[in-house]
Every structure is written in C-alpha cells, then in structure tokens.
2 protein chains.
Amino acid sequence: MNLLPVLEPTTDTTCCPPAEDTALGVKEAKQQALVFKALADPNRLRLLSIIKASPSGSTCVCDLTEPLDLGQPTVSHHLKVLVEAGLLQREKRGTWAYFSLAPGALDRAANLLANL
Amino acid sequence: MNLLPVLEPTTDTTCCPPAEDTALGVKEAKQQALVFKALADPNRLRLLSIIKASPSGSTCVCDLTEPLDLGQPTVSHHLKVLVEAGLLQREKRGTWAYFSLAPGALDRAANLLANL
DNA sequence: CGCTTATATTGACATCCATCAATAAGCGCA
DNA sequence: TGCGCTTATTGATGGATGTCAATATAAGCG
C-alpha cells in the first residue's frame, strides 16, 4: 500500500500521470454498474423501448410477453430487474400490473456517463 | 404475390433514425446491449473514469493496474472489452500501450438512452 | 544474442445470469 | 366458495463472465 502525493502539480511526462482524485470510488462504481447491468440485456432494452413508446406511458405484462417472444416468467423477471434498478415503476391495477418509466431515470443514467 | 405492408426503404441517408414505427428491433437491441455490457462492471467504469480524469487524456496499463487492485492480465482483459465496445482507443508507443477515450463514445452511449 | 520490462493471451475455475417448466399467489366474477 | 385469468416465484440448466496463474509476445537495452 502506497500513498499518492495528492496536490503535486506533476508535470512529469515519463509514464505516470496520477490524478485520480476525481475518479470513481469503489462504492460509487459498484452502484453505477448496477444500472448498466440492468441495461446490458437486449430484451430489457426492448422492454424499456416498448414501454417508452406506449401512448399511455404504461403497459401491462400481457402486452410485453408477445413482442419479445419470451415466456411470461422471463418477462416478469426482466421487469423486476428494471424496477430494482430504478428504471421502471410498477403499479398494480386490479389483476394487471402496469409498468412505466421511472421519471428521470434514463436521464440520470445518461448523466452517469457524462460525469464519469 | 407479395402483400407485405413494408415501409419504403429510406433511400435518404441524411437524417432518419427509426422514426416511430416501433420500438427497438432485435438486432439494434443486441448491438446496443453490447455497449452497456461493457459498462456493466465496476472496474471497467473506474478504468474509464481514471482515463478520463487523466490530464494527458491517455494512460498506460502500468498506471491502471495499481489503483484497481487487480492483476495485470485482468486489467488488460477489461481494457480489451472497452476497446471492442468502441469506448476506448489503444495506441502503442514503444513498450507501453496508452489508452484514451474514443472521441464521442460516451456521448453516443448516453444518446442510446435518450433515443430508446 | 540474452536480460528486463510491459502487455497480451491462454486455460482453469467459480460465480453469475437468462431462460424455461412448474407452481404459487392475487384478484375478479359467477 | 370455487373457477379462470394475470402475474410472481421457485428450481433447474446451459452459457456467459470476472479473476488469477502461467505463459507468450514484443520492445528496448547491455
């Protein structure tokens, strides 16, 4: 374990420019990776896209199973992942479960990239 | 007898993203998921962050191994994943390999989210 | 040529993950 | 209450993935 001189002006050009005081910490990186993990599946991207394109803004599972050509349990699993990542909201209306984009969630995800 | 109600092939290369017809297609979703897969690892996010924060804009592997507390082959593997995802550029200078952000790559990734 | 350093590749291994079949849980209705 | 429909959960399984140790490749230097 060695310590880096944090405030050194460092015009050294050999091999080692430090400057990681602004870089992502371990904890933040792990947190942010969770969001991208949720996005890192083609079918989940399509789910988000379909829900976003829906005129009413919310869609029930029954309408999501067919276009993805996946079993109902699989779709339910993907939706759960997206909800837990904060990207979707779930609202139960009677027998049906309606999913909608969590407000600002995609913007926040995009900002993660801008602020890396 | 061909009765498919297809869209006209856009002979115009100027400006037309998928318009509005439907959500993400299977092929596009798979392609975009590759980018997010590359981003879906805490250590790769930290790599991007460190490289972005570097004053020179490029960093050699030797400077990336230590702050991540990972073995050199593992770092090399992560860097390869990021390069193949189009997020990083690799430039070999003598014995060292310098990695820098691929121009516009993070913006393009952020736009994927905005245009879902 | 050998030696040293820096990076990449290979192989192995453990863990994670997407998917499905089967089943459970909730809700509406007769 | 019991039946039918919608959604969620469980368990199993094949495949992807992150990590390391060992080794290979490559470049500079004596």
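The analysis underlying the following values was restricted to heavy atoms, covering all of them including side chains, and did not include hydrogens, waters or symmetry mates. In this text, all values refer to a predicted model and were calculated from it rather than measured experimentally. Chain letters run A, B, ... following the sequence lines, proteins first, then strands; residues in each count from 1.
- Note on A:Y98: nothing from the nucleic acid sits closer than 4.0 angstrom, heavy atoms only.
- Per the geometry, CZ belonging to B:R46 stands 16 Å off P belonging to D:dG18, to the nearest Å.
- When heavy atoms are screened at a 4.0 angstrom cut-off, B:H77 is found touching base atoms of the nucleic acid.
- Taking for each of A:V81 and A:R93 the nucleotide of DNA chain C with the nearest heavy atom, the 5'-most of the two is the partner of A:V81.
- More than 12 heavy atoms of other residues, nucleotides or ligands shown are found within 6.0 angstrom of CD on B:E91.
- Looking at heavy-atom distances under 4.0 Å, A:R90 makes contact with sugar-phosphate atoms alone, never a base.
- The heavy-atom pair separating B:R44 from B:K37 by the smallest distance is NH2-O, 3.2 Å.
- Between the CG atom of A:D41 and the C1' atom of D:dG15 there is a distance of 13 Å, given to the nearest Å.
- Rounded to a whole Å, the CG atom of A:L64 is 9 Å from the P atom of D:dT7.
- Phosphate contact (OP1/OP2 of C:dT9, side-chain N/O of B:K80, threshold under 4.0 Å): present.
- Of the possible polar contacts, one joining the A:T65 side chain to the A:V61 backbone as a donor-acceptor pair under 3.5 Å is found.
- In the set C:dT5, D:dT19, D:dG18, D:dG18 carries the atom at the smallest distance from any side-chain atom of B:R44.
- If you measure from atom CZ of A:F36 to atom C1' of D:dT17, you get 19 Å, rounded to the nearest angstrom.
- Other residues, nucleotides and ligands place more than 12 heavy atoms under 6.0 Å from the NZ atom of A:K52.
- Nearest-nucleotide mapping onto DNA chain C: of A:G94 and B:S76, the residue sitting toward the 5' end is B:S76.
- Out of D:dT19, C:dT19, D:dA8, the shortest distance to the side chain of A:A97 is found at D:dA8.
- Across A:L87, A:V81, A:D41, A:L82, a single residue satisfies side-chain contact (heavy atoms from CB on, under 4.5 Å) together with A:L47, and that is A:L82.
- Of the nucleotides present, D:dT6 is the one that pairs with C:dA25 by Watson-Crick or G-U wobble criteria, both distances under 3.5 Å.
- Contact between A:A105 and A:G86 at its shortest, heavy atoms only, is CB-O, 3.4 Å.
- Taking atom CH2 on A:W96 and atom C1' on C:dC29, their separation rounds to 11 Å, with Å as the unit.
- Taking atom CG of A:L79 as the reference point, atom P of C:dA18 lies 13 Å away to the nearest angstrom.
- When rounded to the nearest whole Å, the span between NE2 of A:H78 and C1' of D:dT7 equals 16 Å.
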Under 3.5 Å between N/O atoms: give me all the protein pairs with nucleotides 20-22 of chain D, atom names plus distance.
| unit_1 | atom_1 | unit_2 | atom_2 | d |
| --- | --- | --- | --- | --- |
| D:dC20 | OP2 | B:G71 | N | 3.1 |
| D:dC20 | OP2 | B:T74 | OG1 | 3.0 |

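- Between the side chain of A:S58 and the backbone N or O of A:Y98, no donor-acceptor pair lies under 3.5 Å.
- Across D:dC5, C:dA8, D:dT7, the shortest atom-to-atom separation from the side chain of A:K92 is found for D:dT7.
- Closest to the side chain of A:N43, out of D:dT7, C:dT19, C:dG28, is C:dT19.
- Using a 4.5 Å cut-off between side-chain heavy atoms of Ile, Leu, Val, Met, Phe, Trp and Tyr, with links allowed through other members, A:L113 and B:L34 fall into different hydrophobic clusters.
- Per the geometry, CG belonging to A:L82 stands 13 Å off C1' belonging to C:dA18, to the nearest Å.
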